[in-house]
Amino acid sequence: MGMEQITSEPSCAARRLLPIPGVFYGGGCSYMACRGLMMSGIEDVLLVTHGPVGCAYFSGINGYRGASKKDRPAFAGRVFSTNLSETDVIFGGEGKLARALDEAVERYRPKAVAVCATCPVGLIGDDIQQVAREAAERHGIDVLPLSCEGFKSEPGWLHGGRQILDQWVGKESRPTGPFPIHLMSEECANEQGPALRDLLRRIGYDVVCSMMGVTTYEDVRRAQDARLIVLDSGKAIDEIPLMFQERYGCGFLRIALTGLGNLVHSLRAMAAFFDDEGLAARTEAVVAEELARIEVVRAAARTTWEGTVVGVFEDIFRSDDFAVLSCELGMDVIMIAQDYEAETYTEEGYQVHVPARVWDALGEAERGRLGLACAVEAACLPGCACCHSPERELTWRRATLDRQQVSQVLKATRPALCFAGVEERFGRQDAILRCERFLSDERGTDYAGFDGLARFARDLSLARDMAHWTLDVPAWAKEGGAS
């Protein structure tokens, strides 16, 4: 399969989040996307939340992303908020913001500061641009004002990315290797980030910047040195790299770093972009070495998980990654996805993908009862075109069902593990494996890189070993047991 199949239909841009309160929603507010997705990965920029202290809660759960063994900035792990009160909302909070900036710079001497505005700031009309300009003049550092009030219709990631591009990118430069890239990836935000960078360096790439992952103020200022931007995200944020491309003429590729098949195809596509024989040869050598190294772990895990049925509710954040990894361990993945051909979300609009082996086992009469009799063959799952599964050909049967029919399919197929959303929406509560680690947007980024499959298999084993605490009935509680 070529790289073009990684972004095959339905495309990331075409897929929509299901607006189900308590399960999935149409994305976070503008402030969250700006502060969290675009800004929090720049580790030496101090971020000030201008608004009530409640808005800063998100800052606390979206703080420093760097490796634990790395020297951290003095302000890492701390939350900075202007803590607007009722009085400030009435009389204005500009003075409070100015004092907060002065205190932050005096205490921590950061390379730069960014101010992220929240909803009340937009309502009362604080001029954060003027306050930022005056603070920059007083202290001689960059202060970036971000008018990312949560209620804004403009996505926060777009506002933040545009401001970074306009105000910071292109201010510095440095000599680069022959293959400089800008790696935009949330997967680089955790402990495996250094391993991913090392993998790319072994092939020959020079990672000049890594927005959305872990990067620095200096890296951002010279991000224009990259000849290729690679975006590893299920989110439809292509407009940011496209703005880079328009302004600086760099290339742009969507890639996927989670799952062996995804990773191999992505690395080959990157090498093809540079059209260099030496780079292509090194790519193949590293791929062969890594696949041979991880095959021992994959083969051992397959003996445990081969044929295990799991359910995935596709939400375009990280659930695709869970599906790919499960397939590569030999598991049979039932994916429930929105009917993307429909203009609006309805209770009848679920596309259910049932593995061919499971579909055959149901029998003709049962398939008819469940609404699967007219299912059509599908070669891959939505967003999961590339799976490394040399042992068997993966095919599914796809049918459009309503919510009640989906619940009946789950009852009949009895998946052993249901990832986030299946239980909440379709009432599948008796899965034998339970694990809070398999949350789509929070934990999915733990499984990137060639070693990600091993980490995923480890967490599956933890879920299996811990399942008895919630599912096993003790002897004294059973009917006729000891009193």
Side-chain angles (χ1 to χ4, degrees), residues 27-50 58-59 62-66 73 75 80 101 104 110-118 121 128-129 131-133 135-136 141-150 152 154-174 180-186 188-189 193 207-233 235-252:
C29 73
S30 182
Y31 161 75
M32 291 175 66
C34 180
R35 199 260 182 228
L37 194 60
M38 286 293 112
M39 299 304 303
S40 61
I42 311 175
E43 58 183 359
D44 51 359
V45 172
L46 189 149
L47 303 179
V48 176
T49 296
H50 185 36
F58 176 73
S59 307
N62 195 263
Y64 181 78
R65 298 178 177 181
F75 52 83
F80 300 89
L101 294 173
K111 297 287 183 66
V113 178
V115 178
C116 300
T118 61
V121 175
I128 66 171
Q129 286 76 19
V131 174
R133 282 193 294 269
I141 65 171
D142 276 342
V143 180
L144 183 66
L146 297 168
S147 298
C148 53
E149 295 85 4
K152 275 194 170 180
E154 180 183 47
W157 55 264
L158 180 57
H159 177 74
R162 182 185 295 115
Q163 292 302 311
I164 290 173
L165 184 61
D166 290 342
Q167 303 299 324
W168 287 352
V169 175
K171 304 301 183 183
E172 295 182 13
S173 186
R174 70 167 174 85
I181 64 172
H182 182 174
L183 177 61
M184 294 185 66
S185 172
E186 296 161 275
C188 290
V207 180
V208 300
C209 186
S210 186
M211 286 174 59
M212 295 169 47
V214 176
T215 194
T216 66
Y217 172 64
E218 287 80 5
D219 289 343
V220 170
R221 286 169 63 89
R222 52 186 177 232
Q224 77 287 346
D225 292 334
R227 289 175 54 195
L228 173 66
I229 297 179
V230 288
L231 174 62
D232 175 29
S233 176
K235 302 179 177 69
I237 58 174
D238 298 41
E239 196 165 345
I240 298 298
L242 288 175
M243 286 193 298
F244 274 85
Q245 186 178 50
E246 181 180 0
R247 186 169 303 186
Y248 295 107
C250 55
F252 166 46

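Glu149 CD to Cys29 SG: the interatomic distance, rounded to the nearest 0.5 Å, is 10.5 Å. Arg221 CZ to Gln167 CD: the interatomic distance, rounded to the nearest 0.5 Å, is 11.0 Å. Put simply, CG on Asp142 and CH2 on Trp168 are 6.5 Å apart, with the number rounded to the nearest 0.5 Å. The line from SG of Cys209 to CG of Leu183 is 9.5 Å long, rounded to the nearest 0.5 Å.
The side-chain contact (heavy atoms from CB on, under 4.5 Å) search around Lys111 returns Asp44, Tyr217, Glu218, not counting sequence neighbours. Pro145 meets the side-chain contact (heavy atoms from CB on, under 4.5 Å) test with Ile128, Gln129, Ala132; sequence neighbours excluded. With sequence neighbours left out, His182 forms a side-chain hydrogen bond (donor to acceptor under 3.5 Å, both in side chains) with no residue at all. Evaluation of the side-chain contact (heavy atoms from CB on, under 4.5 Å) rule for Ala136 yields Val143 as partners, not counting sequence neighbours. Residues that satisfy the side-chain hydrogen bond (donor to acceptor under 3.5 Å, both in side chains) test with Thr49, not counting sequence neighbours, are Tyr31, Ser59.
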*Is there a side-chain contact (heavy atoms from CB on, under 4.5 Å) between Asp225 and Glu172 once you walk through the steps?*
CA-CA 9 Å; Asp225 292 334; Glu172 295 182 13; over 6 Å; no

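Between Glu43 and Val214 the shortest heavy-atom distance is OE1-CG1, 3.5 Å. When all heavy atoms of Phe252 and Leu242 are compared, the closest pair comes out as CD2-CD2, 3.8 Å. Residues Pro110 and Ala104 approach most closely at CD-O, 4.1 Å, considering heavy atoms. Between Val131 and Leu101 the shortest heavy-atom distance is CG1-CD1, 4.1 Å. Pairing each heavy atom of Val208 with each of Asp219, the nearest pair is O-CB, 3.4 Å.
Within the 4.5 Å cutoff, the side chain of Leu146 has no heavy atoms near those of the Arg35 side chain. With a 4.5 Å cut-off on side-chain heavy atoms, Ile229 and Gln245 do not count as touching. Residues Val169 and Met243 form no side-chain contact, since every pair of their non-hydrogen atoms from C-beta on lies 4.5 Å or further apart. Looking at Ile237 and Met212, their side chains come closer than 4.5 Å, going by heavy atoms from C-beta outward. Side-chain contact check for Asp166 versus Arg247: some heavy-atom pair is nearer than 4.5 Å.
The main-chain N or O of Leu165 is never found under 3.5 Å from a side-chain atom of Gln224 such that the two would form a donor-acceptor pair. Judged purely by atom type and a 3.5 angstrom limit, Ser210 has no side-chain atom pairing as donor or acceptor with the backbone of Met184.
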Side-chain donor/acceptor pairs under 3.5 Å, residues 155-164, sequence neighbours excluded:
| residue | atom | partner | partner atom | Å |
| --- | --- | --- | --- | --- |
| His159 | NE2 | Ser147 | N | 3.0 |
| Arg162 | NH1 | Glu154 | OE2 | 2.6 |

